[in-house]
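See below for the structure under consideration.
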Amino acid sequence: MTTDNSPATAPIHLAIVGGGPTCTYVLERLAALVRANDRPVPLEIAIYDLSGEFGPGQVHSPDQTKTSYLNRVVGQVAFAADESVVEAGPLLTADERPTFLQWCRRKFQETGDARFDLVAEDWPKRYLHGLALKDQFTQYVAILSAAEGVSVTLRRSEVVDLEERGERFGILTADGATPYEADYVLMLTGHSSNRPELDPRQAAWADFAARHQAHLIPNAYPLERSLDPARTGPGTTVACLGMGLTGIDVLLYLTEGRGGTFERGPDGRLEYRPCGREPDSVVAFSRSGLFTFARPYNEKERDIATLEYKGPFLTTAAVAELRATVGVPNVIGGHEKRQLDFEAHVFPLILLEMSLIYYGTLYGTEFRAAAIRAARPAYDKFLADADAFADHQEAAAFLLAPLEELARSAAARVDEALAGRTAPAGAPRDGQPPLAGLLASFLTVVHGADQAAKLLDLADVPEQFAAAVAAAESPWRHPRRAAEHRFSWERTISPVPRSGYANAEEYVETFLDFLDVDIRWAAQGNLSNPAKAAADAAWRDLRGVVIDAVDFGGLRASSHRTFLGVYTPHHNRLCQGASVEAMEKVTALIRSGHVDISAGPGARVETDEDSGRFRVTGPVTGTVRQADVLVDARVHSFDAERDVMPVYPNLLRRGLVRKWTNPGVGEGDFVPGGLDLTPEFHPVRADGTVESRITFLGPPSEGVMYHQIGALRPNKDHHVIRDILCWINAFMPQGAPAGTETKDIERTPA
């Protein structure tokens, strides 16, 4: 598609490589800015996408399986800047920039199609998001095309290289077409994978599969093409390496996607009804042996500005103070940076914040205020000399000790009242929160507000109160005794014990019991459930503080490696999980026997030359499973040198880009794989100069920066618009309306 309304002035030539969601946001900003400009803005825009899925991109294709869920609720999705975005510039009309929720409601009114009859709290299917993205992309292109001097061309082709041609770059494509020459190039290539032949394990698996009947699928997406029914149908066993969101997509596609259905049984549990076209078994396994934890119901949506957590301890000011007191000087990108150790300096503050949130949720606001006061002296001492401790466990124990002591005292008092031995309205103790408040908050968490009120009505009659409490069941399976509610990082990340099973069946039952509790806790919500509240607030709401600690060499080289290899998976499991609905389906598949998780933690893939099949072995459970197909459902970290897209290795060879290195101080360097970029997302060339005509957003920036995979949210000032404006402001002619300049605002989580 091409439009052309060229004025006399020569246009600025723009190339956008990647036509997915971020490209849609880019076109929205261009459309609003061009329309509002006080004179014509001549632009010639060429957009390249290999899949031809302009707007959604391949990942969010409207034509994909109907079984894959979007990883956020309907109410958390936007496609355009709104009034909350600081200095984004002019906005489109409200009708032109519907949120995903508004788009769904509009489509339902127009069509009556139940697929679109969604409310803010619903978890949508990913293909619906793709339909909306496609609609909005088309609308933004139409607005641009109607502007004087603007043309937009969509090209379904793969960009394989950029060739410097004087002041411009030639966009080289795999089809050999005449290269388009661009003044500015925006790279939005999105998620990718690494070449399997450069991964020793995948290379060995591929060699084995080539010599036998076994089949290797090195990258799960797109599911419709990779999981061919001829290879993964009845009579086969499929091994799925990875139990994160991609792994869950694979499980649902191979079962529900083949025609199976889910129904509620008499006990209220979801049950799977097979269709006969599934593989005989899908063996799901990973290093941790855990799926991502169920994403909690987001109670904060009713008032984001007020309810999103702002911690007293894990703050950017604390990170700055730690840099001053214990940071190790290093030169990063020509500038001195005092680097921290994530595990020793930042992680103890995360645990302190999680403990505060956990007990504050359990015992109420008065307890929280007392806990902050109690923790402050140890906190100040830690900031002054965080290196005084033998290790991060000792530092965390020191920081959490005042909270734990206060929580133990509160638990003892609450349990005395629950047993009928203490009157809730008794005289307050010095420095202790009032018992009545502790008790009311605890009962509300454990039993819900309505049941708690009924129980508290009996509090003046201790014997009746104690009997009623003892008989009451928690809908979320919380322990009745306060002493059994303890914050523990170890239990948080390892809720299923990693040893001590008599057999695989016992492990599976323990795992299913955890899934039941986790789903219930997620349904309770991220403000009402102590564990979900602690994870959601510390690892999502305060993610900007972690970003501040990590970005641009904020961590020492070895610590940066540990952060990405150990703590980022914890982050993803704690707060990037699947919906309750998806996890209920996974549970039903396990109970039905179609999904086999018996390999447990530490499971490994081997090759069996005798049978010609892959073999999955579980060292904890003793499970051994043979598989005809191995699907690698892990998300690959971006590595420019190993990427399957030829454009990145080619750019490295040309010297237009280089990989970023975190230089070690008294230790080896760390090279994560992402590009060396400036804060404006321009690449640093091999010779050390900055190439300001090219901009990279998304995965290529991972390494020098952290958590750059962003999607717009309504009523949430989000970094993705600022990042986009870094590119637009480089070429937008003077005369654009005031307010198009950006300011340095803290990035916020997607």
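Source: prediction; values computed, not measured.
- Between the side chain of R126 and the backbone N or O of L70, no donor-acceptor pair lies under 3.5 Å.
- Here the side chain of D280 pairs no donor or acceptor atom with the backbone of T237 at under 3.5 angstrom.
- Judged by distance alone, with hydrogens and angles left aside, the side-chain atoms of Q136 form no donor-acceptor pair with the main-chain N or O of A78 at under 3.5 Å.
- Using bins of under 30°, 30° to 60° and over 60° for the plane-to-plane angle, the ring pair F79/H129 lands in the parallel bin.
- Taking CD1 from I590 and CG from L515, the interatomic distance works out to 5.5 Å, rounded to the nearest 0.5 Å.
- You'll find the ring centres of Y140 and Y25 outside the 6.0 Å limit.
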>> Set out, in order, the CA-CA distance, both residues' side-chain angles and the distance that settles side-chain contact (heavy atoms from CB on, under 4.5 Å) for H215 and T236, then state yes or no.
In response: CA-CA 11 Å; H215 184 54; T236 68; over 6 Å; no

> Please walk me through it: do T232 and R258 pass side chain to side chain donor-acceptor pair (under 3.5 Å)?
Replying inline: CA-CA 10 Å; T232 61; R258 293 284 165 83; 2.7 Å; yes

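- Note that the CG atom of L574 and the CG atom of D536 stand 10.0 Å from one another [nearest 0.5 Å].
- A donor-acceptor pair under 3.5 Å is formed between the side chain of E702 and the backbone N or O of Q708.
- In this structure, the side chains of V647 and V17 stay at 4.5 Å or more apart for every pair of heavy atoms.
- By the 4.0 Å N-to-carboxylate-O rule, D95 lies close enough to R106 to be salt-bridged with it.
- Closest approach of T65 and T67 over heavy atoms only: OG1-OG1, 2.8 Å.
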>> Walk me through whether S61 and Q64 qualify under side chain to side chain donor-acceptor pair (under 3.5 Å).
In response: CA-CA 6 Å; S61 169; Q64 69 182 280; 5.4 Å; no

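- E44 and Y180 share a donor-acceptor pair across their side chains, judged by distance under 3.5 Å alone.
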>> Under the criterion side-chain contact (heavy atoms from CB on, under 4.5 Å), I'd like the reasoning laid out for C726 against T695: C-alpha separation, chi angles, the key distance, then a yes or no.
In response: CA-CA 9 Å; C726 279; T695 302; 5.8 Å; no

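- Remark: side-chain polar atoms of S193 are not paired, donor with acceptor, to backbone N or O of H636 under 3.5 angstrom.
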>> If you apply the rule salt bridge (Lys or Arg N to Asp or Glu O under 4.0 Å), what do you find for E581 with K125, and how did you get there?
In response: CA-CA 11 Å; E581 182 179 348; K125 297 298 179 66; 5.4 Å; no

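- A donor-acceptor contact shorter than 3.5 Å is absent between the side chain of S286 and the backbone of G242.
- Salt-bridge annotation for R713 and E301: present, with a side-chain N of the basic residue lying under 4.0 Å from a carboxylate O of the acidic one.
- Side-chain N or O atoms of S701 include none that pairs as donor or acceptor with a backbone N or O of L697 at under 3.5 Å.
- Ion pairing between a basic and an acidic side chain is recognised when a charged N comes within 4.0 Å of a carboxylate O; D49 and R155 show no such pairing.
- Looking only at distances, no side-chain donor or acceptor of R273 sits under 3.5 Å from a matching main-chain atom of G260.
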> Could you walk me through whether R97 and E83 pass the salt bridge (Lys or Arg N to Asp or Glu O under 4.0 Å) check?
Replying inline: CA-CA 11 Å; R97 51 180 172 91; E83 290 79 1; 2.9 Å; yes

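- Of the inter-residue distances, the one linking S157 atom OG with L50 atom CG reads 8.0 Å to the nearest 0.5 angstrom.
- D63 has no carboxylate O lying under 4.0 Å from a charged side-chain N of K134, or vice versa, which leaves the two without a salt bridge.
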> Do K532 and D518 pass the salt bridge (Lys or Arg N to Asp or Glu O under 4.0 Å) test, and can you show the C-alpha distance, the side-chain angles, and the key distance before you say yes or no?
Replying inline: CA-CA 9 Å; K532 294 295 184 181; D518 188 54; 2.8 Å; yes

>> Assess the residue pair N71 and R295 against the criterion (side chain to side chain donor-acceptor pair (under 3.5 Å)); give the C-alpha distance rounded to whole Å, side-chain angles, the decisive distance to 0.1 Å, and a yes or no.
In response: CA-CA 9 Å; N71 190 30; R295 192 86 162 258; 2.9 Å; yes

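- Salt-bridge annotation for E271 and R269: absent, with no side-chain N of the basic residue lying under 4.0 Å from a carboxylate O of the acidic one.
- Aromatic ring orientation, F511 versus F514: perpendicular (interplanar angle above 60°, classes split at 30° and 60°).
- Between H707 and H571, the two ring planes are perpendicular [angle over 60°; tilted spans 30° to 60°].
- Side chains of D596 and S281: no donor on one and acceptor on the other come within 3.5 Å.
- Side chain to side chain, N529 and W476 fail the donor-acceptor criterion of an N or O pair below 3.5 Å.
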